[in-house]
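These notes concern the structure reproduced below.
Letters go in sequence order (proteins before strands), and every chain restarts at 1.
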Amino acid sequence: MFKEVGKASFPGLEQAVIEFWKEHDIFRKSLHKEAPQGNYVFYEGPPTANGQPGVHHVISRAFKDLFPRYKTMQGYRVGRKGGWDTHGLPVELEIEKKLGFSGKKDIEDFGIAEFNKLAKESAFEYIQEWNDMTERIGFWLDLDKPYITYENSYIESCWWVMKSLWDRDLLFEYYKVTMHCPRCNTSLADHEVSLGFEDDVDDPSVWPKFPAYKDKLVQLGLLDAADTRKVYVLAWTTTPWTLAANTALAVKAEASYSLLEAPAAYGQEVERHLYIMATELADSVFGEGQYQILKTVKGAALIGLSYEPILQGRAPAGEDLTKGFRIIADDFVSLDDGTGVVHIAPAYGDLEVGKQYDLPTLFSVDLAGEVYPEVMAPDSRETRGPYTGQFFKKADEAIAQDLMDRGLLYRETRVKHAYPFCWRCGTPLLYYAKSSWYIRTTAVKNKLLTNNQKINWYPEHIKNGRFGKWLENNVDWALSRERYWGAPLPIWVSEDGQEQLCVGSVSELEELTGRDLSKLELHRPYVDEISFVKDGKTFKRLPYTVDVWFESGSMPYAQWHYPFEHKAELKHNFPADFICEALDQTRGWFYSLHALATLLTDSGDAATKRPAGALNDISQDSSAFKNVICLGLIVDEKSEKMSKSKGNVVDPWTVLDNQGADALRWYLYSSSPPESSKRFSQNLVEETLRDFFMTLWNSYSFFVLYANLDKPDLSKDVPVAERPEIDRWLVAKVHALTRDVSNCLDNYDPTGASRAIRDFVVDELSNWYVRRNRRRFWKSESDSDKLAAYSTLYEALVTLSKLMAPMAPFVSEHLYQNLVRQLDSTAPESVHLAAWPQYEEVLIDEDLLRDMNALIRIVELGRGARAASKVKTRQPLPEVLVRVRNEAELQGLKHLENQLLEELNVKAVRYLDVTADFVDYTVKPNLPLVGKRLGKLIPELKRRLAELDGKEITRNIREGKDTVIELLGEAHSFEPEAFLIDAKSPEGYAALEERGYLAALNTQLSPELIREGLARDVIRLVQNARKNAGLEVSDTINLGLEAGGELKAALDVFGETIQTEVLAKQLSFTGLTSADYQEEGEVEGQMLRISLSKAA
RNA sequence: GGGCGAUUAGCUCAGUUGGUUAGAGCGCGUCGCUGAUAACGACGAGGUCGGUGGUUCAAAUCCACCAUCGCCCA
């Protein structure tokens, strides 16, 4: 019938299931099975396979797998194209490390072609490990035809995206400040910068004096028109070399600034100058009493004040210098140190400010950190400045000295502060504005925000929190990178720099060049070599690659090589219904997907004449995804971040090999909500295994064990209505569970779903239903009651296998194969091809559920009372007194009386009326009900209730009458529901009482009951003897029992019961002559000799 | 420095719109039960609900500030 169920070995079982799936091509079949509900779209966020997969990858894959499986069972088609991110800096760094390189120069000397070849190879260095892990944890993903970001087709789609943005004037060139190492001549990525920060770096600290034009000062009434003295705006900087790049000074609008008179230079006692600076900082600059304040205004008043540059810089061609050298006001200005006037040099760090206030950009040093010849005093007549070619740090000193000599420095000293150095060569880094390409995301900022409102974020707070805030502060997306291994930026520029052209496809490039480029690899350096002549000018490609986030964000289109191929696919697979990645993707993949989708589906803007996006015909103003789960990060048992350097990384394989993938997945789903950081250790997974999987396994193996003995005809369905109450209860629970799990999963709540299943399996199925009903399965008569029990348990297990399938795909497959496919070869071949269970509301019998709840409460209390009475459960007791909270529960409990008698091993139940006089009561106010009404009178009511006789109120309640209580001289009327009653334990009973429930045991024993208790002990000893004799559960025996005194008397009375319980065909009260097995035991101090042999 | 989140028993976590005695599982101790169970049941120890202040008849829950941790940004 069913395959025998042995001891659980989940890792072994899982391997077998993997083989089964492979052999029968189940995943493929799940992709092609009928899908009446249509498509459910999942996007795989591509990982990089250039390193070992770790636990954090297992997590995201476990969550990614769940919903596609669920939706497949619900009748959706869920394509799951795998994808690999192959480009980018991490890959390059890995190669550099292998080759012992330290920067771009090494790469270029080595050769970009060769370098990229190595990068390409390394992109899949660990592909086998990734595929193994993916298969082992049961992540179903189409890995046969994945999208790969380095493939020409993928890159060509990226080009198409860029071209479509270019056509709408959404790609543009501007400066970008990067951390630049002048020695390595390369920009450093953020993480590289943070590697080389040093505290306590000794640097100059200078107070430059910018001569102000007086007209505005006069206008403001700060200065008399007749006053001929010069006025200086006093600033402060630690980088004198950037003074030649100064184009503005910034103040704080709401702070006070003063015109004051102070020494012309530090330590100077004779000559005095006029300065403008923040009032409150004058003390710290000049010293108390060393200056006189003449006038004070708000910073805002100074806006627009012009001043003279004190050092000339190099202006790029066409730069409009008339826009510079003025005072601006912004909130970033701090009054913590300096003068409250901030020197702004857009090229060397203040680019955003420069852009915001439309300032010109000047340069003082080149990319090697050497000072340009243009840097000199503005009135100098030289052709080359005195610092030409000097390293910027070295030039600092000379510049400061010259300014001092020219009277344009108040003071020069040294300061220690933090400054970044190149982690490779130790050279001080430059903030340097380089030319860069941007996507004008700010043009669609409002749409980014409104489209975000359409996304369901899990957890919800990300929507208007982290992600929403990020969108509100949106700046244009810096697209270009000066790197090697990445999709090339398809922009060609004419020799004279006057014309630029974006290429959107290979065929377009073929047209321009007149060459067959079908064999061209769309990577550097091959693409760099492609040039063409147009209108008499030669065009060359700008040697940039693009941000890898642009590539992965283009994945909805590029995975299909859109629009060059599979045009229809995009229509049916955009946007995604579901994506899922770790929280750190907020500004990574989540953003790039969202931004590109918003740009491409943009319906345009009439006011700014922005045309509609290229995908506006497929979708209008849409994000790329509808539902997204953000996963927390993985930490170790001590809540510390896992990292190789700490050595606390848990290898997923340890857990996979010992506890198995299902246990690991289940732990991840159920331990905490997806967004919480997950503590992770083998112990915690082991706990999940024991608590949940072992319990499930035991119920399952119990069923199979007895079903194989009894061979019930499970095709004969006992109508639910005809089954005993306990069965109908379990049926109701199963349907309620189906409803709850479906609801949870519909709301992307795997934690709720898995916890509901766990509670059902452990508390309801195993520890209540199976335990309570064991005997129904042993009984040998094949009556309808037994069949009802088998059907009920069978249906529960089968439904469970389906409900668990999305989360624990292996064990559910195993259950399904043995329970369903063994019986019915026409059933779907795999649980993952089966339909998701439907629940029937009518079968969720709420009354029955409530009654059983009351029973369970009473049983719990009864067991407690038992323990307190010190009378063991084997000893039957004459009576239990029971009180429940209301009439409905009382009636319900009466239905379930047999359960109560058996469970507590008592002979009779006496139901106490809800307000029986037998016990005393305490009456409490029902606070949620009367609290709001009474307000401050609550303490008084509590006090009065303690004084009053509970009996009177309970009588009113029983009769449905209101109770009138006087509170602080005013009569208040209370309806029956306004009170809660607790019964006190009656005297002379072993009783427990809690929240309206009471169970009290009568512990008086009659000789008859004592004998019955003894008989139960005998049964237990015989059962042990059977076990010791090595008999099977179903074996029948011949039994001899020898005893004397009271024990013999018990045997006489209960012999037949004993015989039935232990499956004895014959029972004699003398020793068996030819016993297979003998043993002696003791019951309540009396000897019992057991001899038994297996019956024929 | 800014934003977002977290903090409840030794550990992992629940705790509805504020409302009766803050719960569960694991672990620990005692006792009990056992022919499905590597189980199960009862009881016990273990909690200043991160801290301080506030609102309220009533705060783990609402507000303010602070602390610690995490992520992101500067």
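Listed candidates were B:G70, B:U20, B:A39. Nearest to the side chain of A:R690 is B:A39. Distance from the side chain of A:R466 is smallest to B:G3 among B:C11, B:A14, B:G3. The side chain of A:N698 lies closest to B:A36 when the candidates are B:A36, B:A38, B:G19. With distances taken from any side-chain atom of A:R755 to the nucleotides B:A36, B:C13, B:G19, the minimum falls on B:C13.
Taking the C1' atom of each, B:G50 and B:G5 are spaced 15 Å apart, rounded to whole Å. Rounded to a whole angstrom, the distance from the C1' atom of B:U48 to that of B:G27 is 24 Å. A gap of 15 Å separates the P atoms of B:A38 and B:U34, to the nearest Å. If you take atom C1' in B:U55 and the same atom in B:A14, they sit 27 Å apart, rounded to whole Å. For the C1' atom pair drawn from B:G29 and B:G10, the interatomic distance equals 14 Å after rounding to whole Å. Nucleotides B:A59 and B:G53 place their P atoms 14 Å apart, quoted to the nearest Å. The separation of B:A64 from B:G23, taken at their C1' atoms, amounts to 30 Å, rounded to a whole angstrom. One P atom belongs to B:C40, the other to B:G15, and the distance between them is 24 Å to the nearest Å.
Take the nearest nucleotide of RNA chain B for A:V930 and for A:R587: the residue whose nucleotide is more 5' is A:V930. Take the nearest nucleotide of RNA chain B for A:L583 and for A:I1019: the residue whose nucleotide is more 5' is A:I1019.
If you check B:A42 for Watson-Crick or wobble pairing at under 3.5 angstrom, you find it paired to B:U30. Nucleotide B:C4 forms a pair with B:G70, judged by Watson-Crick or G-U wobble geometry with both contacts under 3.5 Å. Pairing for B:G23 goes to B:C13, judged as Watson-Crick or G-U wobble with the two contacts each under 3.5 Å.
Counting heavy atoms from C-beta outward, A:F2 and A:V704 have side chains that approach closer than 4.5 Å.
Distance CG (A:L904) to C1' (B:C33): 13 Å, rounded to an integer number of Å. B:C71 atom P lies 23 Å from atom OH of A:Y591, rounded to whole Å. To the nearest angstrom, P of B:G25 lies 10 Å from CG of A:N767. Distance, A:L471 CG to B:G3 C1': 13 Å, rounded to whole Å. Taking atom CD of residue A:E686 and atom P of nucleotide B:G27, one finds them 11 Å apart after rounding to whole Å. Nucleotide B:C33 holds its C1' atom 14 Å from the CG atom of A:L1021, rounded to whole Å. If you take CZ of A:R758 and C1' of B:C13, they are 11 Å apart, rounded to a whole angstrom. Spacing between atom CZ of A:R774 and atom P of B:U37 amounts to 9 Å, rounded to whole angstrom units.
For A:S766 against B:A39, no side-chain N or O and base N or O form a donor-acceptor pair under 3.5 Å.
Using a 4.0 Å heavy-atom criterion, one finds that A:R771 contacts the bases of the nucleic acid, with or without backbone contacts as well.
Counting only residues at least two apart or on different chains, the side chain to side chain donor-acceptor pair (under 3.5 Å) pairs with a member in residues 694-709 of chain A are A:Y700-A:H814, A:Y700-A:N818, A:Y706-A:W778.
Look at A:S699 and you won't find any side-chain N or O under 4.0 angstrom from OP1 or OP2 of B:A36. Phosphate proximity of B:C4 to A:K469: present, with a side-chain N or O under 4.0 Å from OP1 or OP2. In terms of phosphate contacts, A:R1020 brings a side-chain nitrogen or oxygen within less than 4.0 Å of OP1 or OP2 of B:U34.
Remark: the A:T441 side chain and the A:N474 side chain contain an N/O donor-acceptor pair separated by less than 3.5 Å. The closest side-chain donor-acceptor pair between A:W457 and A:N452 falls under 3.5 angstrom. A donor atom on one side chain and an acceptor atom on the other are found under 3.5 Å apart for A:Q453 and A:N464.
Taking the six-membered ring for Trp and the full ring otherwise, A:Y591 and A:W470 have centroids separated by under 6.0 Å. When ring centroids are compared, A:F693 and A:F10 come within the 6.0 Å threshold.
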